[in-house]
Amino acid sequence: MWKTLIRTPLSTFTRKTLTQSIYLQLLEQTIPQLQNQPLYTFNTNQRPRVSKNPQFHSIRSSELTGNSYGFCSSVPVNGTSCCWNCNAQKPLLICQSCGSVQPVDHSVDYFMIFGLERKFDIEDGSLEGMYKSWQKKLHPDLVHTKSKEEREYAADQSARVIDAYSTLRKPLSRAIYLMRLEGVEVDEEQTVSEPELLGEIMEIREAVEEATDSQALKKIQSQMEEKLKHWSNCFANAFGSKSFDEAIKSIQRMTYYHRVYEEIVRKL
Ligand SMILES: [Zn+2]
């Protein structure tokens with residue numbers, strides 16, 4: 001699911017291959033599917049490789065430098081600074097003045113979609129409500145009387161809301177996304193050359209291999225959760241103070257512990 005969501009934006013399906021009924025089913029299934037996913041899940045071979053996959057958040061760095069939503073100029077800023085229909089300001093996904101669905105504007109980042117400040121810590125439950133609200137507003141049943149073009153905008157926006165929700169709800173992908181918004185690509189494939197960390201990971205992996213019952217595995221799993229929590233906090237502090245080297249270091253550690261966590265999930 002993770003791989004599918006990250007590597008294949010739903011817009012690809014919704015616009016080209018899925019019938020409306022399948023699309024509807026997919027949307028209805030999305031929330032439970034995403035919510036059932038453990039927060040730290042993606043396996044070693046299927047994790048997103050941000051720097052090598054242009055489909056993952058198709059944002060150009062030139063689009064990340066902020067957008068002036070305070071005015072509507074005659075020359076569009078970053079594509080859609082005004083509503084295409086009524087020229088109102090700050091249309092975001094749907095124009096608040098006339099209700100027209102807007103084309104995807106990549107200068108609207110995932111945090112803006114959810115009305116959140118661009119920072120690592122987000123309150124529990126702050127994503128779900130807004131996610132459901134957007135999906136209701138963008139639902140094909142609500143836009144079926146609109147033009148073909150606007151229905152396509154709705155399908156694209158809906159797919160983007162799913163990508164945004166999926167990315168922000170997990171600490172590791174949220175951290176990587178935040179770095180990307182700052183113009184820093186994190187290469188998760190880069191091997192850490194710290195013997196101490198590598199030794200520790202080897203020991204943990206051996207313990208996972210040798211674990212004979214679920215109780216032993218769950219014990220290691222909870223240790224991994226603690227490690228992930230610790231390095232998430234380290235990331236938040238480093239990112240907050242713009243210490244990006246430290247932030248990358250935290251992400252690399254989160255990635256290692258995450259892999260072990262995923263291994264345990266597969267064995268349980
Ligand atoms: Zn409008």
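Keep in mind that the numbers below use all heavy atoms, side chains included, and drop hydrogens, waters and symmetry copies. All ligand and atom numbering here is 1-based and tracks the order in the structure.
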Side chains of Y257 and E226: is there a donor and an acceptor less than 3.5 Å apart? no
Near the Zn ion (ligand 1) (protein N/O/S, cut-off 2.8 Å, waters excluded) we have C83 SG, C86 SG, C95 SG, C98 SG
Any side-chain heavy atom of I204 within less than 4.5 Å of one from Q223?
no
The single option from E194, E246, E200, E196 that satisfies salt bridge (charged side-chain N to carboxylate O under 4.0 Å, His left out) with R253 is E194
Do K229 and E225 sit within salt-bridge range, that is, some charged N less than 4.0 Å from a carboxylate O? no
- prompt: Parallel, tilted or perpendicular: which fits the ring planes of F235 and F120, with parallel below 30° and perpendicular above 60°?
  reply: perpendicular
- For K119, does the NZ atom sit with more than 12 other heavy atoms under 6.0 Å from it, leaving out its own atoms? yes
